[in-house]
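Note that the coordinates shown come from a computational prediction; the quantities given were computed from them, not determined experimentally. Labels below follow one simple rule: chain letters A, B, ... track the order of the sequence lines, proteins then strands, and each chain is numbered from 1.
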Amino acid sequence: MGYYELFAQKIPVKDFSLRHTVESAQPLAFYSKYDALSNTLTYPTFTQIINVAFKGDEKKGELVGVGRHGGIDSELRRRFRLGDKMSYIYKKINTDRFIGAAIKRFYGMRLTLNDPWEATLCFVVSQNNNVKRIRSIVLKLIDRFGQPIKDDNDKIVAKAFPTSQDIASASIEELKECGAGFRAEYIKEAAEFFASNLGNVNGDYYELKEALMSVKGIGDKVADCIALMGFGKLEAFPIDTWAKRVLEHAYFNGRSKSIEALHDFTLERWGKYAGYAQQYLFWYGRQEKDWYNEKLGK
DNA sequence: ACCCAGGCGGGCG
DNA sequence: CGCCCGCATGGG
């Protein structure tokens with residue numbers, strides 16, 4: 001039988017851009033397949049391949065998700081944070097012309113909420129790395145360690161996203177063969193952390209961040225990325241070199257500030273929506289290099 | 001050839 | 001004790 005049933009879900013959405021969400025260096029940018037022309041997306045979860053299509057514009061549209069198993073509706077609502085009321089969040093974070101320009105430029109961009117372990121693997125791989133190579137490494141890890149996904153004829157058509165157990169049972173050598181380099185041992189440590197009951201971390205943002213940073217290979221920035229995009233702690237403001245530069249040039253006249261001082265600043269200014277402010281400022285700084293260079297006076 | 005990307009840990013002040 | 005700097009890796 002070549003016939004098999006598909007589960008489909010249609011969800012009306014407001015203030016939503018699939019493109020900006022998927023392209024903005026969040027976990028989906030590291031392993032999904034996105035086509036800007038048709039505005040369609042394909043990515044593996046732990047159990048199935050999800051196909052997503054968006055129709056409409058950034059103000060109002062419809063998201064269609066298709067997969068072979070159920071749970072599509074909750075997967076999409078969680079992954080793309082469809083419960084977030086963007087008009088309210090924009091009001092909260094739009095404190096100045098810098099964020100204002102970023103919101104205008106990337107209107108509808110959402111934070112994503114990914115599985116905690118999945119976010120951890122992606123961001124541990126991301127350290128000291130660029131998107132292209134992060135993608136190459138994560139895709140190899142999926143292909144090598146993800147569970148096979150089969151069609152009705154028992155033919156393997158794809159691989160699932162590897163679980164923490166899948167990766168914890170890999171050797172450092174095998175992880176290095178995927179291009180992970182010196183990150184291989186960090187990946188292994190993180191996988192063991194999540195595969196054991198230690199991975200059942202909870203509590204508030206600060207307790208969570210401390211627990212994450214107890215893992216060798218997870219520092220301040222990666223912990224904030226995981227807190228934000230793996231656990232939905234919206235007050236987390238990951239500070240990489242771009243976020244640091246943008247903050248210093250937009251709010252401190254280009255003066256160098258410590259990471260700690262910048263964390264204090266973002267929490268004071270944007271409070272529990274700091275993570276959204278970060279996503280817009282960070283992506284604006286990276287994409288709009290002309291703006292950034294002008295600000296630098298170069 | 002050289003620059004870039006977070007985190008770790010050794011060593012210096 | 002806290003900060004800085006060299007190191008790990010590979011692509012542009």
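- Side chains of A/Phe282 and A/Val246 form no contact here, defined as non-hydrogen atoms less than 4.5 Å apart.
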Item checked: ring-ring contact (aromatic ring centres under 6.0 Å, His included) between A/Phe252 and A/Phe265, worked out -> CA-CA 10 Å; A/Phe252 296 97; A/Phe265 173 81; 4.9 Å; yes
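- The gap from the P atom of C/dA8 to that of B/dG11 amounts to 15 Å, rounded to the nearest Å.
- The CD1 atom of A/Ile134 sits 13 Å away from the P atom of C/dG11 (whole-angstrom rounding).
- Helical stems of DNA chain B (runs of at least 3 Watson-Crick or G-U pairs, donor-acceptor distances under 3.5 Å) are listed by first residue: B:2-5 with C:9-12, B:7-13 with C:1-7.
- Of the two residues near DNA chain B, A/Met213 and A/Thr241, the one whose nearest nucleotide lies more 5' is A/Thr241.
- With a heavy-atom cut-off of 4.0 Å to chain A, the contacted part of DNA chain B has its first and last nucleotide at B/dA5 to B/dG9.
- Aromatic ring centroids of A/Tyr251 and A/Trp270 lie under 6.0 Å apart.
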Next item on the list: Could you walk me through whether A/Tyr107 and A/Tyr90 pass ring-ring contact (aromatic ring centres under 6.0 Å, His included), step by step?
Entry: CA-CA 10 Å; A/Tyr107 194 90; A/Tyr90 285 151; 5.2 Å; yes
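- Atom name C1', nucleotides B/dG7 and C/dG12: the rounded distance is 23 Å, in whole Å.
- Along DNA chain B, the nucleotide closest to A/Gly217 and the one closest to A/Asn129 are compared, and the more 5′ of them pairs with A/Asn129.
- Defined by atom type and a distance below 3.5 Å, a donor-acceptor pair is present between the side-chain atoms of A/Thr95 and A/Arg269.
- Ring geometry for A/Phe194 versus A/Trp117: interplanar angle of 30 to 60°, hence tilted.
- Side chain of A/Gln48 to backbone of A/Arg68: a donor-acceptor contact under 3.5 angstrom is found.
- Using a 3.5 Å distance cut-off with no hydrogens or angles, the side chains of A/Asn129 and A/Ser126 do not pair a donor with an acceptor.
- Using a 4.5 Å heavy-atom cutoff, the side chains of A/Phe161 and A/Phe145 are not in contact.
- Of the candidate nucleotides C/dA8, C/dG11, C/dG12, C/dG12 has the atom lying nearest to any side-chain atom of A/Lys132.
- Side-chain contact of A/Ser258 with A/Glu260: a donor-acceptor pair under 3.5 Å is absent, judged by distance alone.
- Remark: P of C/dC7 and CZ of A/Arg183 are 17 Å apart, rounded to the nearest angstrom.
- Heavy atoms of A/Val215 sit under 4.0 angstrom from primed sugar atoms or phosphate atoms, though from no base atom.
- Rounded to whole Å, the P atom of C/dC3 lies 22 Å from the corresponding atom of B/dA5.
- Taking 4.5 Å as the limit, every side-chain heavy atom of A/Glu235 sits out of range of all side-chain heavy atoms of A/Leu228.
- Contacts of residues 172-180 of chain A with DNA chain B (heavy atom under 4.0 Å): none.
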